Amino acid sequence: MITGYIECGKIELARSFFDAMPDRNNVSYITMISAYSKYGSVESAKELYDQMAEKDLLLYNAMIACFAQNNRAKEALQLFDEMLNPNANVQPDKMTLASAISACSQLGDSKYGTWIETYMRELGIGMDDHLATSFIDLYAKCGNIDKAHELFNSLQKRDLVAYTAMILGYGINGRGKEAIELFEEMMDADIIPNLVTFTGILTAYNHVGLVKEGYRCFMSMQRHGLLPSQDHYAIVVDLLGRAGRLEEAHELIKKIPMQPHAGVWGALLLACSLHNNVELAEVAWKNCCELEPDSSGYHSLLANIYASAGRWDDAKRLRRAVEEKGLVKIPGSSWTECFESQQ
DNA sequence: GTAGGGTTAG
């Protein structure tokens, strides 16, 4: 009954049914927690998790997965650590490890990831395709593309998620040719790409600067019945923008059927700074500010553009405005950091 | 394979 409601997305109905159940057991809790996880309601999931006094393996797994799937990697690893404490009286299994590796990958923590690989052997847990896929993602994000590829070759069966992880891995490592070849191999195998796959392949086109092909790929999304997300638009804006095709990038943004998010305009702003286009930069900057008024990055970017155009007064004015408003600088992160620490 | 796991930019 609960699962029926969950399948059609009626999560509140599922919850009221859950609340009315006289004989709620771990299974019902786990089902409900997973449902909240799927719809991004991490707090509601945590609330249910906290209600259980005795945490068993599956309950831990459901909650760790929930954190990992909703970009709360730190909390996922925190809970994983808690579970490793002998007092917890549980031992992780492959489900736990898959989520933990995913969390390491999100944090770019290859050290912890490698430790998990060793620990896995200690526990006598063998590598399966799910685990291998999370390791592919981890190693690729940490720049160890050879190790990622080795794991990809070892898969028993290459499915959509595995292909997607590897394509994205090649994409972010600038190995466009390999990414494109793999994408074609996937299509030949009649595996239908999803939105994530397109993020990967578009990233690859972007890295090798294949504008025409990348744009064509983006346009092909509709044929697969996929509606490009803001992220996809942002990648294509970046692709066109880096190639200096700023007007086309601007036109594309104007055609987005929804309100573009700041990242889309940010990609245009970045392109304007690469190609010293002050007028368009101002347009992009204005939109960025409206959508994300608290971020200082856009101001600094425009200030740099003013400076390189010799408009020192404008640059100074903007930099002063940042200081006066006390805007926070969001520190950038880099995947290469964890690669370097691995060397 | 009977609850629970793996893939989204720069």
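What you see is a predicted model, and the numbers here were worked out from it, not measured in a lab.
- Residue-level contact check: A68(A) touches neither bases nor backbone, having no heavy atom under 4.0 Å from any strand.
- Residue-level contact check: L131(A) touches the bases, meaning some heavy atom is under 4.0 Å from a base atom.
- Atoms CD1 (I167(A)) and C1' (dT7(B)) sit 10 Å apart, rounded to a whole Å.
- Between F218(A) and Y215(A), the angle of the ring planes lies from 30° to 60°, which puts this pair in the tilted group.
- For E82(A) and K55(A), the salt-bridge test fails: no basic side-chain N is under 4.0 Å from an acidic carboxylate O.
- A centroid separation of less than 6.0 Å is found between the aromatic rings of Y29(A) and F18(A).
- If you take CD1 of I125(A) and C1' of dG5(B), they are 12 Å apart, rounded to a whole angstrom.
- Salt-bridge check for E290(A) with K286(A): passed, with a basic side-chain N closer than 4.0 Å to an acidic carboxylate O.
- Listed candidates were dG6(B), dG10(B), dT7(B). Nearest to the side chain of A165(A) is dT7(B).
- Atoms CG (L59(A)) and C1' (dA3(B)) sit 11 Å apart, rounded to a whole Å.
- The side chain of D137(A) lies closest to dT7(B) when the candidates are dG5(B), dG4(B), dT7(B).
- Rounded to an integer number of Å, the gap from CE of M63(A) to P of dA3(B) is 20 Å.
- Between the side chain of H232(A) and the main chain of S229(A), a donor-acceptor pair closer than 3.5 Å is present.
- A straight line from NZ of K157(A) to C1' of dG1(B) spans 15 Å, rounded to a whole angstrom.
- dG6(B) and dG10(B) have their C1' atoms separated by 24 Å, with the value rounded to a whole Å.
- Rounded to the nearest Å, the gap between the P atom of dG5(B) and that of dG1(B) is 15 Å.
- Side-chain to base pairing of S134(A) with dG6(B): no donor and acceptor N or O lie closer than 3.5 Å to each other.
- The CE-C1' distance, from M127(A) to dG5(B), rounds to 14 Å in whole Å.
- At a cut-off of 3.5 angstrom, counting only N and O atoms as typed in the model, there is no donor on one side facing an acceptor on the other between the side-chain of D129(A) and the base of dG6(B).
- L168(A) comes within contact range of the sugar-phosphate backbone alone, with a heavy-atom separation under 4.0 Å but no base atom that close.
- Regarding contacts with the backbone of dT7(B), every side-chain N or O of Q69(A) stays at 4.0 angstrom or more from both OP1 and OP2.
- One atom, CZ of F67(A), and another, P of dG5(B), lie 15 Å apart when rounded to the nearest Å.
- Taking only side-chain atoms of N61(A), from C-beta outward, the nucleotide of dG4(B), dG6(B), dA9(B) with the closest atom is dG4(B).
- Salt bridge absent: D129(A) and R158(A) never bring a charged side-chain N and a carboxylate O closer than 4.0 Å.
- One donor-acceptor pair, N or O on each side, does fall under 3.5 Å between the base of dG4(B) and the side chain of D93(A).
- Across the protein-nucleic acid pair, N71(A) atom CG and dG6(B) atom P stand 12 Å apart, rounded to whole Å.
- When distances are taken from the side chain of M95(A) to each of dG6(B), dA9(B), dG5(B), the shortest belongs to dG5(B).
- The side chain of D231(A) lies closest to dA9(B), out of dG4(B), dT7(B), dA9(B).
- Salt bridge status for K254(A) with E251(A): present, with a side-chain N to carboxylate O gap under 4.0 Å.
- Contacts of N206(A) with the nucleic acid, taken as non-hydrogen atoms under 4.0 Å apart, are absent.
- Checking the phosphate oxygens (OP1, OP2) of dG10(B), a side-chain nitrogen or oxygen of H207(A) falls inside 4.0 Å.
- For the OP1/OP2 pair of dG5(B) and a distance below 4.0 Å, the side-chain nitrogens and oxygens of T96(A) include no atom meeting the criterion.
- Remark: ring of H130(A) stacked against base of dG5(B); centroid gap under 5.5 Å, plane tilt under 30°.
- In the region residues 30-43 of chain A, proximity to DNA chain B at under 4.0 angstrom, judged on heavy atoms, holds for I30(A), S34(A).
- As judged by a 4.0 angstrom heavy-atom cut-off over every strand, A65(A) is placed among residues touching the sugar-phosphate backbone only.
- A salt bridge between K177(A) and E181(A) is present, with a side-chain N of the basic residue lying under 4.0 Å from a carboxylate O of the acidic one.
- Set against dA9(B), dT7(B), dG6(B), the side chain of V196(A) has dT7(B) as its closest nucleotide.
- A salt bridge links D314(A) to R317(A): one of the charged nitrogens lies within less than 4.0 Å of a carboxylate oxygen.
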